[in-house]
Number of protein chains: 2
Amino acid sequence: MENTSELLRQHDIKPSFTRVMIFDYLKENLNHPTVDEIFQALQTSLPTLSKTTVYNTLDLFIDKHLVQPLLMNQQKHYDLITDPHAHFKCERCDTIFDLDVKPPKLDKSTAANYHVYGTQLIYRGVCEKCQKHG
Amino acid sequence: MENTSELLRQHDIKPSFTRVMIFDYLKENLNHPTVDEIFQALQTSLPTLSKTTVYNTLDLFIDKHLVQPLLMNQQKHYDLITDPHAHFKCERCDTIFDLDVKPPKLDKSTAANYHVYGTQLIYRGVCEKCQKHG
DNA sequence: TATAAAACTGTAATCATTACAATTTTATAA
DNA sequence: TTATAAAATTGTAATGATTACAGTTTTATA
Ligand SMILES: [Mn+2]
Ligand SMILES: [Mn+2]
Ligand SMILES: [Zn+2]
Ligand SMILES: [Zn+2]
């Protein structure tokens with residue numbers, strides 16, 4: 001168990017109470033929550049929380065490369081950047097599953113002209129449950 | 001040079017004039033255009049074209065696995081499915097560059113529970129031009 | 001030629017995200 | 001401590017890409 005405040009400071013983020021709460025929520029919920037899910041989950045412990053703050057905080061985390069946004073059709077999902085892994089997006093139920101597959105690193109010659117922050121490997125299709133149901 | 005009408009028919013799409021035009025535009029413009037770009041480009045040759053038709057047609061192409069949507073923050077970009085390749089998204093100028101890298105295929109055991117339509121490998125970062133500019 | 005189905009159009013509604021001004025909290029210095 | 005400035009947070013309004021939908025045109029079929 002790591003210290004969130006220290007980790008945020010290491011990434012040039014002042015660890016306000018709200019920011020720590022949002023970060024810890026992401027750490028304990030690696031199932032790619034949306035802004036609404038994060039907002040609703042934290043409302044009881046942070047009654048004055050504003051949805052704008054959730055947006056701002058997540059954008060800050062993304063800027064500092066602590067969080068990766070997963071763009072879905074309807075709304076963004078957020079994933080703490082931990083071990084490199086791939087995702088499977090079900091196009092029926094819009095669930096994002098983790099896959100234990102590492103995205104390939106760009107070789108030097110291909111990456112020569114780019115400054116690469118992060119990598120996403122996404123498989124699109126239909127999950128088992130949705131295949132059965134129809 | 002392939003015959004578009006025939007190709008569409010092979011994918012259960014009735015090759016209307018509008019659909020062929022939109023498909024051919026995508027074939028000749030592999031730079032990941034948006035709906036607005038497609039719409040504006042085709043307006044001169046199809047003066048009565050509606051933006052809704054562009055949306056509907058692209059959704060149809062996606063359903064039939066002819067086109068892959070690339071989700072950006074602001075709006076969707078569309079890429080004809082041809083040779084497997086990766087993308088680099090510049091987070092400053094929102095350009096999507098093609099990379100000559102093949103996304104890895106899921107091995108049988110990992111893909112056991114999923115029906116995989118397509119794969120996306122996306123590198124996020126800053127392109128050369130944006131690095132220089134600031 | 002009549003009828004039905006499919007394709008297309010135009011406008012209105014949706015809704016996640018952003019902009020922005022006001023307020024509260026936190027840091028800094030007299 | 002107290003005053004002042006900076007940063008963080010809030011709440012509401014605006015934005016804008018996408019979708020819904022009803023009406024119209026085109027195409028297929030009998
Ligand atoms: Mn994940
Ligand atoms: Mn491409
Ligand atoms: Zn599913
Ligand atoms: Zn750029």
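Keep in mind that the numbers below use all heavy atoms, side chains included, and drop hydrogens, waters and symmetry copies. Chain A is the first sequence line, chain B the second, and so forth, proteins listed ahead of strands; every chain is numbered from 1. Predicted, not measured: the structure shown is a model, and the values here were computed from it.
Closest to the B/Thr18 side chain, of the nucleotides D/dT10, C/dC8, C/dT18, is C/dC8. Listed nucleotides: C/dA19, C/dT9, D/dT18. Nearest to the side chain of B/Leu49: C/dT9. Of the candidate nucleotides C/dG10, D/dT18, C/dA16, D/dT18 has the atom nearest to the side chain of B/Tyr55. Distances from the side chain of A/Gln75 to the nucleotides D/dA17, C/dA16, D/dT19 place C/dA16 closest.
Looking only at side-chain heavy atoms (C-beta outward), A/Leu121 and B/Pro104 come within less than 4.5 Å of each other.
Residue contacts shown for B/Ser16 are limited to sugar-phosphate atoms, with no base heavy atom under 4.0 Å away. Using a 4.0 Å heavy-atom cutoff across all strands shown, B/Lys14 reaches sugar-phosphate atoms only and no base atom. At the heavy-atom level, B/Thr48 lies under 4.0 Å from the strands shown only through sugar-phosphate atoms.
Between A/Tyr114 and B/Phe97, the ring center distance clears the sub-6.0 Å criterion.
Regarding A/Lys51, its NZ atom lies at a distance of 23 Å from the P atom of D/dA8, rounded to whole Å. In this structure, A/Leu58 atom CG and C/dA16 atom C1' are separated by 14 Å, rounded to whole Å. As a whole-Å value, the separation of B/Leu46 CG from D/dT26 C1' is 14 Å. Rounded to a whole Å, the CG atom of B/Asp36 is 14 Å from the C1' atom of D/dT15.
Of the possible polar contacts, one joining the B/Thr57 side chain to the B/Thr53 backbone as a donor-acceptor pair under 3.5 Å is found.
At a cut-off of 3.5 Å, with distance as the only test, no side-chain donor of A/Thr34 or A/Asp36 sits close to an acceptor on the other residue. Side chain to side chain, B/Asp98 and B/His32 meet the donor-acceptor criterion of an N or O pair below 3.5 Å.
In this structure, D/dA14 and C/dT17 make a Watson-Crick or G-U wobble pair, each of the two defining distances being under 3.5 angstrom.
Mapping A/Thr52 and B/Thr53 onto DNA chain C by nearest heavy atom places B/Thr53 closer to the 5' end of the strand. Projected onto DNA chain C by closest heavy-atom contact, A/Asp59 and B/Asn56 fall at different nucleotides, the more 5' of which corresponds to B/Asn56.
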